[in-house]
Protein chains: 2
Amino acid sequence: MAKKDKLSERQQNILHYVWEYMTSNSRPPTIREIGEAVKISSTSVVNYNLTKLVDKGLLERQAEVSRGLRLTDKALHFIGQVPKAVSGLINVPLMGDIVASEPLEVGDTSGLYDPIEISASMLPDRVKSEDLFALRVNGDSMIDAMVSEGDIVVMKRQSEARNGDMVAVWLTPDDTTTLKYFYNEGEKVRLQPANPTMDPIYVSPASVQVQGKVVMVMRQTA
Amino acid sequence: MAKKDKLSERQQNILHYVWEYMTSNSRPPTIREIGEAVKISSTSVVNYNLTKLVDKGLLERQAEVSRGLRLTDKALHFIGQVPKAVSGLINVPLMGDIVASEPLEVGDTSGLYDPIEISASMLPDRVKSEDLFALRVNGDSMIDAMVSEGDIVVMKRQSEARNGDMVAVWLTPDDTTTLKYFYNEGEKVRLQPANPTMDPIYVSPASVQVQGKVVMVMRQTA
DNA sequence: TCATACCACGAACAATTGTTCCATGTCAAA
DNA sequence: TTTGACATGGAACAATTGTTCGTGGTATGA
């Protein structure tokens with residue numbers, strides 16, 4: 001880690017230039033190209049600042065390789081304000097499996113699985129990508145929610161639900177997690193399966209713990 | 001245009017290698033790297049084949065520039081990969097509704113609906129985006145395929161299926177369209193519902209018309 | 001057979017490009 | 001002021017990398 005994450009103006013310029021160059025040329029620039037663009041006459045100064053950027057975790061370099069540059073995720077985040085906003089893609093971390101017999105695990109399993117990529121245009125406007133996570137359905141336990149084995153459920157972290165939301169709930173009496181449409185009807189909470197041929201169940205509000213709201217379900221079949 | 005679009009095996013290898021190298025290193029390879037990967041001892045031979053590829057419109061080169069390579073759309077098409085380099089997003093046209101009582105409509109309804117945006121990384125590598133289209137599920141008729149009303153089915157145009165594929169089939173005796181897993185068992189074709197609690201149906205190969213392969217199913221619940 | 005086009009090889013050359021060294025400048029703390 | 005960390009500049013060097021040239025092989029067709 002660097003002492004301070006503050007970047008000099010030159011380093012910011014370099015970062016921006018590298019980004020622009022790469023997006024338009026689909027290859028990284030050379031040291032001299034950077035120097036010219038950022039008005040640095042000496043290659044050694046460019047080199048110096050590049051190593052600084054590496055220290056700060058914004059850049060990766062491959063020694064002795066021409067154009068051996070690569071922007072890290074951190075750099076993308078730093079540059080484009082929102083790296084995904086540029087491309088319209090949202091990265092949703094795949095946190096693990098969803099099992100009927102356990103509450104949702106929210107442990108930090110980042111890196112364990114490849115993140116899911118979703119087009120921002122496919123999501124409701126209001127969700128923030130930070131609140132999103134994804135789970136893979138494990139067995140056939142979610143059949144009544146029209147969700148089958150291997151499906152990926154994209155969820156939004158929240159502990160309360162509005163009527164009509166599809167949510168993941170933890171039922172304390174049964175010790176089970178299920179996906180259901182949620183309707184609070186005062187006395188009781190009605191949990192409606194997505195499968196129209198199946199009947200709803202009624203439980204007391206105290207025995208329902210909303211774990212998150214289901215934003216999207218996707219199934220890859222090929 | 002080149003006299004013949006036929007590529008020598010070496011040229012195909014080069015194309016593949018360049019693509020792989022670029023996707024994993026986010027920069028083009030050098031001539032010598034190509035040579036080593038494709039087992040060409042001389043840089044001039046690599047150079048020779050590169051100019052050939054340029055002539056055939058599969059490659060663009062920038063002279064005197066290290067790693068001055070770029071794959072054209074044609075090349076990506078040739079390799080059989082989705083051109084994800086563009087933005088990572090693929091636009092899939094939403095062609096209309098899928099109804100149980102009709103074959104798939106393939107009419108040109110472009111512009112009628114907003115296209116679906118899918119991350120290329122969520123699709124199998126080999127699909128070409130031109131072959132993809134999407135349909136919205138109309139009623140509850142696809143329940144046995146674990147697909148419910150409003151779901152969006154992304155399909156790949158094709159008239160034949162391999163065993164295990166989930167396909168949309170038109171059953172001529174019943175005059176219905178359904179989504180099923182396809183297994184050709186010689187005498188009969190077994191159509192297996194995605195819902196494991198339901199039984200397969202067996203029909204004669206003559207009475208099945210494969211309309212397309214289901215690549216993905218997505219459901220927006222919020 | 002000869003001619004021609006196509007493809008391949010190796011080597012040398014020239015340009016590009018990363019690396020290093022030394023000197024200088026700036027600025028804040030001691 | 002002096003010190004030291006940090007930043008900059010210029011130049012030379014060394015490695016990487018694109019280019020070119022001469023040679024030779026293998027088909028196909030005249």
Q: Confirm from the modelled atom types if S41(B) and dG10(C) form a donor-acceptor pair under 3.5 Å, side chain to base only.
A: no
Q: When the distance from CD of E64(A) to P of dT17(D) is rounded to whole Å, what number comes out?
A: 10 Å
Q: Consider the side chain of T43(A), meaning its heavy atoms from C-beta on, and name the nucleotide among dA12(D), dC6(D), dG10(C) that approaches it most closely.
A: dA12(D)
Q: Would you please confirm or rule out a distance under 4.0 Å between OP1 or OP2 of dT17(D) and any side-chain N or O of S66(A)?
A: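 Indeed, a polar side-chain atom of S66(A) lies that close.
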Q: Are the side chains of L69(B) and R61(B) in contact, using a 4.5 Å heavy-atom criterion?
A: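 Yes, at least one pair of side-chain atoms sits under 4.5 Å.
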Q: R32(B) CZ to dT19(D) P: how many Å, rounded?
A: 11 Å
Q: Could you state the CD-P distance from Q11(B) to dC6(C), rounded to the nearest angstrom?
A: 12 Å
Q: What nucleotide among dA11(D), dT17(C), dC9(C) has an atom nearest to a side-chain atom of V65(B)?
A: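 Of dA11(D), dT17(C), dC9(C), dT17(C) is nearest to the side chain of V65(B).
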Q: If you check every side-chain atom of V45(A), which of dT17(D), dT8(D), dA12(D) has the closest atom?
A: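 Closest nucleotide among those given: dT8(D).
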Q: Roughly how many Å is it from CD in Q62(B) to P in dA15(C), rounded to a whole number?
A: 18 Å
Q: What is the separation between atom CD1 on I40(A) and atom C1' on dA11(D), rounded to the nearest whole Å?
A: 17 Å
Q: Quick one: does N49(B)'s side chain have a donor or acceptor within less than 3.5 Å of a partner on V46(B)'s backbone?
A: no
Q: Nearest-Å distance, CD (E9(A)) to C1' (dT8(D))?
A: 15 Å
Q: Between K213(A) and E160(A), is the salt bridge (charged side-chain N to carboxylate O under 4.0 Å, His left out) condition met? List the steps.
A: CA-CA 9 Å; K213(A) 176 175 166 184; E160(A) 296 185 356; over 6 Å; no
Q: Among dT19(D), dC9(C), dT20(C), which nucleotide sits nearest the side chain of R10(B)?
A: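 Of the options given, the side chain of R10(B) lies nearest dC9(C).
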Q: Describe the nucleic acid contact of N49(A) in one word from base, sugar-phosphate, nothing, applying a heavy-atom distance below 4.0 Å.
A: sugar-phosphate
Q: May I ask you to evaluate whether R61(B) reaches the phosphate of dT19(D), defined as a side-chain N or O under 4.0 Å from OP1 or OP2?
A: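 Indeed, a polar side-chain atom of R61(B) lies that close.
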Q: Is there a side-chain contact between F182(B) and V189(B) in this structure, where contact means two heavy atoms from C-beta onward sitting under 4.5 Å apart?
A: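 F182(B) vs V189(B): side chains touch.
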Q: Nearest whole angstrom, please: distance from the C1' of dC21(D) to the OH of Y48(B).
A: 16 Å
Q: How many Å lie between CG on N47(B) and C1' on dC21(D), as a whole number?
A: 12 Å
Q: Considering only side-chain heavy atoms of S44(A), which listed nucleotide, dA15(C), dC21(C), dT20(D), is closest?
A: dC21(C)
Q: What pair of heavy atoms forms the shortest contact from M122(B) to Q220(A), and how long is it?
A: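 Heavy-atom minimum between the residues: O-NE2, 2.8 Å.
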Q: Mapping S42(A) and E33(A) to their closest nucleotides on DNA chain C, which lands nearer the 5' end?
A: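 This one resolves to E33(A).
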